[in-house]
Amino acid sequence: MKNATAFRWIVAGVVIAAMLASVVSFRADAQSEYMRGDRMPYDAFDRLPQTDLEVADSTIHVAFAPGEIALPREKLLDWIRMSAKAVSTYYGRFPVSSLRLLLVPVDGARIRGGTTWGYRGAAIRIPLGRDSTEEVLRRDWVMVHEMVHTALPDLDQRYGWLSEGLAVYVEPIARVQAGDLAARAIWQDIMRDMPKGLPESGDQGLDNTDTWGRKYWGGAMFCLLADIEIRKRTNNRLGLQDAMRGVLAAGGNHEKDWSLDRVLSTADRAVGVDVLTRLHNEMGPRPVTPDLAALWRDLGLKSQGESLEFDDTAPLAAIRKAITEPRAG
C-alpha cells in the first residue's frame with residue numbers, strides 16, 4: 001500500500017513537473033515568436049486585439065503579445081500617452097497619422113530596447129520586462145527614442161548615424177519640453193556621454209565609421225553642433241527643432257524613403273540657413289574632433305563634483321536655455 005501511494009506521488013510529481021515545464025516552454029515560445037523576424041510587428045497585428053489611443057490628430061494602435069505583465073494595462077497606456085505627448089511637443093504634432101505599437105512581455109523588470117519599421121506603415125516593437133514598475137516607465141527613454149524615429153525618413157544604412165543620433169539628441173529634449181525631465185539632468189548626461197561619439201584612431205567620418213559610439217553619440221554630437229550653429233545664424237530664433245519640423249511638414253517621415261541630401265536640404269530650407277548640409281560636408285567624409293570642454297564652457301555648463309551648475313553669463317547660455325524651452329506648435 002505504501003509502495004502504491006509512493007508511486008502515485010511520483011507519478012503526480014512527474015505530471016506537475018511536465019505541466020510546469022510546458023508552461024515555461026509555452027511562455028518562452030510565445031515570447032520568441034513575437035520577437036522573431038523583420039515582419040514583426042506587422043504579422044502580429046493581423047491576429048492580436050488592439051487598443052486605440054488618440055494622440056492629437058493621430059491614432060496609436062496598441063497590441064499586447066501573450067504573456068503576463070505585473071502592471072495594469074491602463075498604466076502601460078498612460079506611459080505610451082506620456083511618450084507620445086513628448087514627441088508631439090517637440091515636433092508640433094505626432095509624426096505619423098497612424099502607428100502600430102506592439103508590447104512583448106519578456107523576463108525582467110526593465111524595457112529592453114525597441115525597433116521601429118516603416119515599410120508597411122509606421123510600427124514599433126518594445127520588449128517590456130513583465131516585472132517593470134511605474135517608476136521604470138516614468139524614467140524610460142526607449143519609447144520616446146523609438147517614436148522619434150518615426151519623424152525621420154528612412155535612410156540608407158550608411159547614414160544610420162543621423163537616425164540614431166537624432167533620436168538620442170531629441171529624446172531628452174522632448175521630455176524636458178513636455179515637463180517630464182529637468183534640463184539640468186539632461187545637460188549633465190550630455191556632458192558625460194557625448195565624448196563617446198568622438199572619433200578614434202582610424203575613423204573615416206560619420207558616413208564611413210559604423211561603430212556604436214559614432215552612430216549614436218557621434219550622430220548626437222552632429223545634432224548638437226547643428227542646433228547651436230542654426231541658433232547662432234538666426235539670432236536664436238530658430239534651431240534644429242524647427243529644421244526637423246520642416247522635414248515633417250514636407251511629408252518626410254519614417255514611412256518614406258528619402259536620400260540624406262534631400263533630408264538635409266529640406267531641413268536647411270525650413271530655417272533659411274545651410275547649416276546641416278555644410279556640417280555634413282565636414283563631418284560625413286572625415287573625422288572632426290570638436291573641443292567639447294570649450295563647448296561646455298561656452299554653454300555655461302560647469303561640473304561641480306556629482307552636480308552641475310549653470311553659468312548664465314556664458315556666451316551661449318541663451319542658446320542652451322532655448323534648446324530645451326517648449327516651442328509653440
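Remember, it's a predicted structure, so these values are computed and weren't measured experimentally.
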Problem set entry | Residues Q177, T89; criterion side chain to side chain donor-acceptor pair (under 3.5 Å); working and verdict | CA-CA 7 Å; Q177 292 185 352; T89 298; over 6 Å; no

How far does [atom1] of [X] sit from [atom2] of [Y], to the nearest 0.5 angstrom?
X    : Y    : atom1 : atom2 : answer
D210 : R158 : CG    : CZ    : 11.5 Å
L301 : R320 : CG    : CZ    : 6.0 Å
L295 : M191 : CG    : CE    : 9.5 Å
C223 : I323 : SG    : CD1   : 11.0 Å
L238 : R245 : CG    : CZ    : 10.5 Å
D180 : R138 : CG    : CZ    : 9.0 Å

Without swapping roles, check the side chain of [X] against the backbone of [Y] for a donor-acceptor pair under 3.5 Å.
X    : Y    : answer
R130 : E68  : yes
R175 : V87  : no
E164 : H149 : no
D268 : L276 : yes
R125 : W117 : no
Q241 : Y90  : yes
R100 : A44  : no
E309 : K302 : no
H254 : L152 : yes
D203 : G205 : yes

For this session: Classify the angle between the aromatic ring planes of F222 and W161 as parallel (below 30°), tilted (30 to 60°) or perpendicular (above 60°).
Result: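 F222 and W161: perpendicular rings.
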
For this session: Using the six-membered ring wherever Trp is involved, compare the ring planes of H145 and Y216 and label them parallel, tilted or perpendicular (cut-offs 30° and 60°).
Result: parallel

Do the non-hydrogen side-chain atoms of [X] and [Y] ever get within less than 4.5 Å of each other?
X    : Y    : result
T150 : N253 : no
L137 : L71  : yes
L102 : F64  : no
E134 : W79  : no
L128 : V106 : no
I173 : V176 : no
K256 : D154 : no
L240 : L166 : yes

Taking [X] first and then [Y], would you say they form a salt bridge - that is, a charged N and a carboxylate O separated by under 4.0 Å?
X    : Y    : answer
R192 : D189 : yes
R327 : D242 : yes
R231 : D227 : yes
R214 : D207 : no
E74  : R81  : yes
D312 : K321 : yes

For this session: Would you check, one step at a time, whether the test salt bridge (charged side-chain N to carboxylate O under 4.0 Å, His left out) holds for D193 with K196?
Result: CA-CA 6 Å; D193 293 329; K196 299 173 183 175; 3.0 Å; yes

Exercise. Is atom NZ of K215 surrounded by more than 12 heavy atoms (other residues, nucleotides or ligands) closer than 6.0 Å?
Worked result: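 Counting neighbours around NZ of K215, more than 12 heavy atoms of other residues, nucleotides or ligands fall under 6.0 Å, so yes.
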
Exercise. Is it the case that more than 12 heavy atoms not belonging to R112 sit under 6.0 Å from its CZ atom?
Worked result: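 More than 12 heavy atoms, drawn from other residues, nucleotides or ligands, come within 6.0 Å of this atom.
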
Can you see which heavy atom on [X] is nearest to which on [Y], and at what distance?
X    : Y    : result
L308 : R184 : O-NH1, 2.8 Å
A226 : V275 : O-CG1, 3.8 Å
V142 : G114 : CG1-N, 4.0 Å
A318 : N236 : O-ND2, 3.2 Å
A174 : A86  : CB-O, 3.5 Å
A167 : V148 : CA-CG1, 3.7 Å

Problem set entry | Any side-chain donor near an acceptor of the partner, R286 and N208, under 3.5 Å | no

For this session: Starting from the C-alpha separation in whole Å, work towards a yes-or-no answer on side chain to side chain donor-acceptor pair (under 3.5 Å) for S259 and D261.
Result: CA-CA 5 Å; S259 68; D261 288 346; 5.4 Å; no

For this session: Show the numbers, then the answer: is there a side chain to side chain contact (heavy atoms under 4.5 Å, CB included) between V136 and I111?
Result: CA-CA 8 Å; V136 167; I111 293 124; 3.8 Å; yes

Problem set entry | Residue pair Q204, T209: steps toward the side chain to side chain donor-acceptor pair (under 3.5 Å) verdict | CA-CA 6 Å; Q204 299 180 47; T209 310; over 6 Å; no

Exercise. Checking side chain to side chain donor-acceptor pair (under 3.5 Å) for the pair T59/D52: CA distance, chi angles, key distance, verdict?
Worked result: CA-CA 6 Å; T59 303; D52 288 351; over 6 Å; no

For this session: Could you walk me through whether D140 and M82 pass side chain to side chain contact (heavy atoms under 4.5 Å, CB included), step by step?
Result: CA-CA 11 Å; D140 168 60; M82 178 179 71; over 6 Å; no

For this session: Could you check V247 against W258 for side chain to side chain contact (heavy atoms under 4.5 Å, CB included), going step by step and ending with a plain yes or no?
Result: CA-CA 11 Å; V247 172; W258 281 20; 4.0 Å; yes

For this session: Could you walk me through whether W296 and M194 pass the side chain to side chain contact (heavy atoms under 4.5 Å, CB included) test, one step at a time?
Result: CA-CA 11 Å; W296 306 148; M194 194 66 77; 3.9 Å; yes

